[in-house]
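Read through the structure below, which is laid out as structure tokens, and then see the notes.
Letters A, B, ... mirror the listed sequences (proteins, then strands); counts begin at 1.
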There are 2 protein chains.
Amino acid sequence: MADRTGTFDGVHRRNLSKLLVLAHLEGPLSRARLTAETGLNRSTVASLASELADLGLVEERAPDPTNRVGRPSPVVAAHPSVQAIVVNPEVDAVTIAAVGLNARIVVRERLEVDHLVTPAETADLVAGVLARWRTTELRDARIVGVGLAVPGQVRSDDGLVRWAPHLEWTDAPVRELVESATGLPAGVANDASLGARAEHLFGAGRGVDDLVYLNGGASGIGGGLVVGGRLVSGTRGYAGEFGQNRPGIARQDDRRVPDGVLEDEVSRARLLQVVGLTHADEPTLAAAIAASGGLAVAEELARQQRILATALGNAVNVLNPSLIVLGGFLATLAAHDAAALEAAVAAQCLPVASEGLDIRVAELGENRLLIGAAELAFARLLADPLAD
Amino acid sequence: MADRTGTFDGVHRRNLSKLLVLAHLEGPLSRARLTAETGLNRSTVASLASELADLGLVEERAPDPTNRVGRPSPVVAAHPSVQAIVVNPEVDAVTIAAVGLNARIVVRERLEVDHLVTPAETADLVAGVLARWRTTELRDARIVGVGLAVPGQVRSDDGLVRWAPHLEWTDAPVRELVESATGLPAGVANDASLGARAEHLFGAGRGVDDLVYLNGGASGIGGGLVVGGRLVSGTRGYAGEFGQNRPGIARQDDRRVPDGVLEDEVSRARLLQVVGLTHADEPTLAAAIAASGGLAVAEELARQQRILATALGNAVNVLNPSLIVLGGFLATLAAHDAAALEAAVAAQCLPVASEGLDIRVAELGENRLLIGAAELAFARLLADPLAD
DNA sequence: CATAATTTGTTGCGCTTGACGGCAAATCAG
DNA sequence: CTGATTTGCCGTCAAGCGCAACAAATTATG
């Protein structure tokens with residue numbers, strides 16, 4: 001009905017939210033820091049914090065021993081037993097984990113599969129694992145929801161997976177399937193977007209308000225963008241598909257695919273091929289590249305960097321971010337000659353737009369998607385801790 | 001010091017702001033509609049509205065005669081005598097106008113110049129015109145600030161014009177110059193960004209939360225983007241420079257400039273050339289194109305559409321907007337064969353991303369930049385009507 | 001033309017909730 | 001052990017919104 005914005009109740013809820021978000025994002029914080037951070041009154045923070053504690057959403061612990069003058073301030077921490085179940089279905093496995101409100105992974109299980117899982121199978125797998133965990137690791141946990149990171153386009157309204165090419169899912173109502181299998185509210189989003197969110201909140205993009213994130217995987221390039229501190233989803237949730245872009249290619253002989261898209265030209269498969277591997281994880285590929293002194297390898301790296309630089313330059317012109325975060329094989333590609341990439345990007349965009357632009361490698365490891373997906377499940381709670 | 005967010009005072013200020021913004025954007029509104037729109041209580045709206053009236057920011061008029069049952073509701077309208085001075089320096093002229101809080105242009109004057117104006121000259125021109133107006137048209141006006149729309153890159157922190165190539169301004173502190181010449185607070189921004197803001201708030205993009213705006217001018221292509229209902233400025237304010245992008249060009253012989261950018265390939269000058277004109281305003285160019293049955297003209301239009309479609313497809317992949325607004329000669333280019341352009345864009349981006357995508361022509365005429373610039377001047381007032 | 005129905009302004013009251021100030025508590029410096 | 005400093009705790013205060021009852025102004029109905 002009414003969105004309580006503008007009323008007193010709304011203020012209260014927003015203040016609770018603000019505290020909980022701080023505890024969630026910044027980790028354990030003293031009450032004193034919370035008052036400083038929120039600008040609220042000491043007494044107000046005290047009452048809000050104890051309200052959150054009563055709700056079981058935060059723990060108030062004894063003060064940390066600090067070496068400063070004055071009365072020690074109790075530490076407020078997001079309650080670790082408030083948890084989200086997160087799911088990442090892939091071609092060869094389904095990873096399921098539980099993530100605490102303190103953003104730490106509690107349990108994690110990778111279920112290898114010998115065939116492509118269907119949406120219904122995925123839901124059943126989640127329900128099964130959850131039922132087992134509920135009697136063991138998560139006996140005392142309070143599970144607030146499920147977040148799914150899906151390699152495909154997900155409609156944000158209803159979580160419908162419109163198309164996940166590698167899983168061969170089309171218009172899959174996986175959100176509803178998971179909700180009815182588990183009895184928990186679920187959220188679904190594109191995996192790369194969730195990676196962007198994770199890197200923004202907990203990784204290389206901490207505290208940065210405008211960033212572009214690109215991840216290079218085995219099957220293509222995905223991404224996400226943060227504008228003004230908020231993850232961009234677009235109208236329907238399909239934003240961030242950098243891999244499908246067609247960047248300019250200045251040298252005609254740099255092109256491999258006629259009318260190809262970015263991920264046709266800048267691809268992990270081509271890197272593997274040129275170093276003579278068929279399958280390899282990222283460290284192995286990076287090592288192989290570093291070890292190789294071959295001209296062909298150097299050529300291919302330079303070619304891919306040139307095309308990537310144009311794509312990044314385009315993004316910089318349009319979005320004027322202060323940071324570009326590269327993950328997966330794009331991190332390997334960038335790390336190989338970071339200065340060259342930075343220079344190429346700067347050369348391909350408006351001079352002022354690249355001022356103060358930083359290009360960094362993603363920090364979070366393989367848990368990135370899980371942490372991002374947990375944000376989906378925590379979103380409601382964080383936005384309004386009183387919304388049951 | 002503290003940003004009063006989260007306190008009661010903050011609620012009050014936000015509510016005042018909400019009402020004023022509604023009156024500003026939606027035009028005159030009944031108090032009844034305001035209560036519905038804000039979700040606040042009748043009595044609250046009454047008190048807020050009369051507070052705004054006391055501040056001289058809105059007028060409360062007698063009810064409009066409506067044919068509906070029930071007691072008529074007084075109409076609240078943004079006060080037209082609360083005004084902004086707006087300035088648009090160009091190569092051949094400086095346009096100065098006064099815009100009311102009701103978003104209507106009160107006075108407008110185009111001062112032709114026979115040389116490139118300097119920032120200091122611009123400031124003097126503004127101060128001179130303003131002084132004259134203050135004794136005539138604007139005798140009873142309450143001028144709250146100045147907004148400048150500059151064709152160049154403007155740093156958002158301090159309004160420094162980093163580079164305006166056609167005006168030949170470099171690192172021009174035009175904001176400070178105007179502020180000290182007029183004694184009014186001033187804001188400066190890129191002209192195309194302000195065009196995007198105007199089209200978003202009052203033009204083809206009304207009510208649309210995610211849109212991309214591209215304007216084709218004589219000297220290039222500028223643009224702006226709205227994400228989640230907010231104009232994107234980027235870290236330093238340089239966002240929206242679509243004209244400097246390098247989109248993929250599938251057919252090699254479509255390229256005119258080696259390693260050229262979008263505005264090298266998709267250009268008004270090339271259109272003029274192919275129809276055999278040297279100078280023409282937009283209607284003249286459009287008429288010439290429509291009149292010409294020549295193959296060369298059709299070829300050039302199709303070529304430019306192809307390249308534009310790739311650039312737009314890239315933007316759609318990344319931003320998933322629900323609307324693309326085209327202005328200037330890009331509107332002419334699009335109108336020539338709208339279906340072809342839509343199809344080409346859809347073919348160049350992820351299928352789901354173009355679902356429900358609309359491509360429209362800009363609605364606001366030559367006053368677009370002025371109305372956008374007024375938003376700069378009104379921003380403070382609208383965000384916090386009590387902030388003196 | 002009179003009465004009913006409907007919508008909305010007006011008024012006074014109450015309640016929620018954050019700010020404020022005084023005091024106590026807990027630490028460190030010397 | 002004393003003073004300084006920081007912070008928690010508690011009682012009081014007040015700003016401002018919701019609410020409900022009533023009044024006012026219009027249309028619908030017979």
Problem set entry | Nearest-Å distance for atom pair CZ/C1', residues B/Arg14 and D/dA15 | 15 Å
Exercise. Hey, is the side chain of B/Ser73 poking within less than 4.0 Å of OP1 or OP2 on C/dT8, counting only N and O atoms?
Worked result: no
Problem set entry | Distance, nearest 0.5 Å, that separates CD1 of A/Ile85 from CG of A/Leu148 | 11.0 Å
For this session: Measure from CG on B/Leu29 to P on C/dT8 and round the result to the nearest Å.
Result: 13 Å
Problem set entry | Student check: side-chain heavy atoms of A/Arg134 and A/Leu130 closer than 4.5 Å | yes
Exercise. Can you find a pair of side-chain heavy atoms, one from B/Val144 and one from B/Gln83, that are under 4.5 Å apart?
Worked result: no
Exercise. Under 4.0 Å: is that the gap between some side-chain N or O of B/Ser43 and OP1 or OP2 of C/dT11?
Worked result: no
For this session: Give the nucleotide from the list D/dG18, D/dT27, C/dA19 with an atom nearest to the side chain of B/Asn67.
Result: D/dT27
Problem set entry | Any B/His12 side-chain N or O less than 4.0 Å from OP1/OP2 of D/dA15 | no
Exercise. D/dG8 C1' sits how many Å from A/Leu48 CG, rounded?
Worked result: 15 Å
Seminar exercise, completed: With the side chain defined as heavy atoms from C-beta on, A/Arg31 is closest, among C/dT27, D/dT7, D/dC9, to D/dC9
For this session: Give a yes/no answer on whether the side chain of A/Asn15 brings an N or O atom under 4.0 Å of OP1 or OP2 in C/dT17.
Result: no
For this session: Using whole Å, report how far CZ of B/Arg71 lies from C1' of C/dT10.
Result: 7 Å
For this session: Nearest-nucleotide wise, let me know which of A/Val45 and A/Gly70 is further upstream toward the 5' end of DNA chain C.
Result: A/Val45
For this session: Rounded off to whole Å, could you give me the CZ-to-P distance for the A/Arg68 and D/dA4 pair?
Result: 19 Å
Exercise. What's the closest nucleotide to the B/Asn41 side chain, out of D/dT26, D/dT7, D/dC19?
Worked result: D/dC19
For this session: Give the intermediate values and the outcome of side-chain hydrogen bond (donor to acceptor under 3.5 Å, both in side chains) for residues A/Glu375 and A/His200.
Result: CA-CA 12 Å; A/Glu375 292 301 309; A/His200 171 231; over 6 Å; no
For this session: Measure from CZ on B/Arg13 to C1' on D/dC17 and round the result to the nearest Å.
Result: 17 Å
Exercise. For DNA chain C, whose closest nucleotide is more 5', that of A/Val69 or that of A/Arg42?
Worked result: A/Arg42
For this session: Name the nucleic acid region contacted by B/Pro63, choosing base, sugar-phosphate or nothing; use a 4.0 angstrom heavy-atom cut-off, strictly under.
Result: nothing
For this session: Take the protein atom CG of A/Asp9 and the nucleotide atom P of D/dC19, then report the distance between them rounded to whole Å.
Result: 11 Å
For this session: Identify the two heavy atoms, one from B/Pro28 and one from B/Val75, that lie closest to each other, and give their separation to 0.1 Å.
Result: CB-CG1, 3.6 Å
